Engineer: 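Let me begin by handing over the structure; questions about it come next.
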Amino acid sequence: MSDTQPNTHGSSRYFESEEQTELLKRGLVRVSIAAAGIDPLLDKRLNELRRALRSDAPAHLLGELLPDLERAVLAADQNRQQASSDTSKAVHKLIEQLQECEPPREVARALRALERQLGELAELPRKLPSLLGELQQLQQQALQHSEEQSSSGLWSRLLRRKQRAELQAGPLSDDEVAAPAAEQAAQDNTVASPPPEQEQEQEQPADSASNISGEEQHFSQLAAHIESILLRLLSELQVLETQQAARDRLREQVSKGLNWYELTAALDALCDLVLGAQQSRQADFERYLLQLNERLSQFQGNLEEAQNSYSGSLDAERELSGTIRGQVQVLNDSVRDADDLSSLKANVEARLNSLLENIDKARELREARDSEVAERLSTMVERIQAMEVEAQTFRHHLEEQRQQALIDSLTGLANRSGLQQRMDEEFERWQRYGGRLLLVVLDVDHFKSINDRFGHLAGDKVLRLIAQQVSRRLRKTDFIGRFGGEEFVILMPGVSPEQGIVALEELRSGIEGTPFHFKSEPVPVTISLGFTEFTRGDSLDSAFDRADKAMYQAKELGRNRVVHAATS
Ligand SMILES: Nc1nc2c(ncn2[C@@H]2O[C@H](COP(=O)(O)OP(=O)(O)OP(=O)(O)O)[C@@H](O)[C@H]2O)c(=O)[nH]1
């Protein structure tokens, strides 16, 4: 049987294994196609394998390909793990940044849930498209919220004004604001499949490229705004002496330009400065309160002591007067009951002596008490005076700090808060008493190019000189404050538009004619001004907007000019 059957049996087994081999080869080819795109080296090896399988290469040749293929598979696996870990880190970081924007509670909760979903690295590439889609929506909500939070107040007005000026270049959208963060995630996400939006972009490479450059352009525009706000903040920030070097370093760094990551670090450093200064002032105040508390408790102790000794001496006095009264009574009794004159005389004499002694004692006691009270009183008066002096010094200190908080440390003019305060006052006065009031917006021309050509220090010097020049040329009743960056606002009460245009023209030509030099190089400086008169129905904002538009008109008309926004 073993001799008769092997052939039949053998040929059918051979036939089966050939068929199986063919099936296996085809399977391998398909698997290798499916695995394409994971890693360039692995692709190369799989290509070689496919070619060998399709050309029916002998087994030993296939065997020779296997070690390289195995190495490529291991390396691809390592790369995939690394990429998953990088992607996970990038998404974690993005979530962390969004959480730092203090999004609404439900968004913060959804972000935490999303973070938990990141979970297992092995699962990440599969989950990533939907995670990124969800993250993008949350990011949009968080940024919209943070924009809404900051959309009130003068800060945002500055941004809005700048944006309006750049509207021709295209408005900034939330997505553009979010672009850097999204870019980071996209850069870190090397292996994972892109979310649906990115897939669309891949299908249209030309559009996508132009979108990215557009985003970069918008980001750099936004970065310039952030930089100018940071510079303003830094120039207005009241820091401690020990923090001045750090503040100057930060200013220098910001003025050189920041990328997204440096911006985060700069914001951290600014935060440290603000908190440091704030904490030190708080500590000063707490120290003063403690001191005051101590003094007050000393004072209360003194009062109690004085009260005790006073009531003690009152008791002693009462006791003494009781004794005296008793002695007088005894004297009376002995006079009444006396039957012989000589013993009465002796008795009265003795009693009178003791009475006199007691009266002396009472006088001494009162004198001692009086001088003790006087001494305590004078100590208390001294303490009260010392406390008053301290309180006065502290009040001065507080007032000084309050005033400093309203002053721009670069130019010495009122800063935005000081300006706002004065604008509110002038506006209220104008509403109550009427009369004329002009509002002027002044902007230095091509200030950025002054910074770029001569450096930020030169820019700072120009701002200081302009502040001096303008202050010198205005009337005492006029008021100038630094609105921000290279922009100033002037209030001119009691001035008609006709008088205003003359004064402002003089100011403009005065600045144009002033020789500014930096390191003995002449720096050409001109200013553009827009102004308007407050009229019935105006609010501060409406008048400001008019003057602001007039200033932009002056820029559009070629700069170095005054434009009057007439109201009727
Ligand atoms: N040196 C210095 N520069 C500042 C300060 N605050 C803002 N800046 C810079 O001022 C520049 C303002 O530039 P832009 O808003 O582009 O205006 P501009 O160059 O004056 O151009 P026009 O207004 O159109 O004439 C920005 O580069 C800011 O970084 C500051 O305190 N010191």
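Numbers here simply count residues along the sequence, with the first being 1. Indexing begins at 1, ligand by ligand and atom by atom, following the structure's order. Please read all numbers here as calculations on a predicted model, not as lab measurements.
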Engineer: Of the choices His446, Glu486, Arg482, Lys555, which has the non-hydrogen atom that lies closest to atom 5 (C) of ligand 1?
Structural biologist: Arg482

Engineer: From Phe488 CZ over to Leu442 CG, what is the distance, rounded to the nearest 0.5 angstrom?
Structural biologist: 7.0 Å

Engineer: Which atoms of ligand 1 sit under 4.0 Å from any heavy atom of Leu463?
Structural biologist: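 Selected atoms, number and element: 30 (C), 31 (O), 32 (N).
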
Engineer: With no hydrogens and no angle check, just 3.5 Å: does a side-chain donor-acceptor pair link Ser528 and Asp445?
Structural biologist: yes

Engineer: Provide the number and element of each atom of ligand 1 under 4.0 Å from a heavy atom of Asp443.
Structural biologist: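 Within the 4.0 Å cut-off of Asp443, ligand 1 contributes 23 (O).
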
Engineer: Do Phe544 and Phe483 have their ring centres less than 6.0 Å from each other?
Structural biologist: yes

Engineer: Can you check whether Val444 has an N/O within less than 3.5 Å of an N/O in ligand 1?
Structural biologist: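 Between Val444 and ligand 1, an N or O pair is found under 3.5 Å apart.
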
Engineer: Regarding ligand 1, does Lys448 bring an N or O atom to under 3.5 Å of one of the ligand's N or O atoms?
Structural biologist: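 Yes; at least one N/O pair falls below 3.5 Å.
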
Engineer: Does a donor on one side chain and an acceptor on the other come within less than 3.5 Å for Asp248 and Gln244?
Structural biologist: no

Engineer: Supply the atom-to-atom distance Leu438 CG to Leu491 CG, rounded to the nearest 0.5 angstrom.
Structural biologist: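 So the gap between those two atoms works out to 9.5 Å.
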
Engineer: What I want to know is whether Gly459 and ligand 1 share at least one N or O pair that is separated by under 3.5 angstrom.
Structural biologist: no

Engineer: Using distance alone, determine whether Asp445 and ligand 1 share an N or O pair under 3.5 Å.
Structural biologist: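 Among all N and O atoms of Asp445, none is under 3.5 Å from an N or O of ligand 1.
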
Engineer: Could you tell me, atom by atom, which parts of ligand 1 come under 4.0 Å of a heavy atom of His456?
Structural biologist: 1 (N), 2 (C), 3 (N)

Engineer: Report the C-alpha distance between Arg436 and Glu533 in whole Å, list the side-chain angles of each, state the deciding distance to 0.1 Å, and finish with yes or no for salt bridge (charged side-chain N to carboxylate O under 4.0 Å, His left out).
Structural biologist: CA-CA 7 Å; Arg436 316 209 84 145; Glu533 184 179 28; 2.7 Å; yes

Engineer: May I ask you to decide if the ring planes of Trp430 and Phe534 are parallel, tilted or perpendicular, using 30° and 60° as cut-offs?
Structural biologist: tilted

Engineer: Could you list which atoms of ligand 1 come closer than 4.0 Å to a heavy atom of Arg559?
Structural biologist: 22 (P), 24 (O), 25 (O)

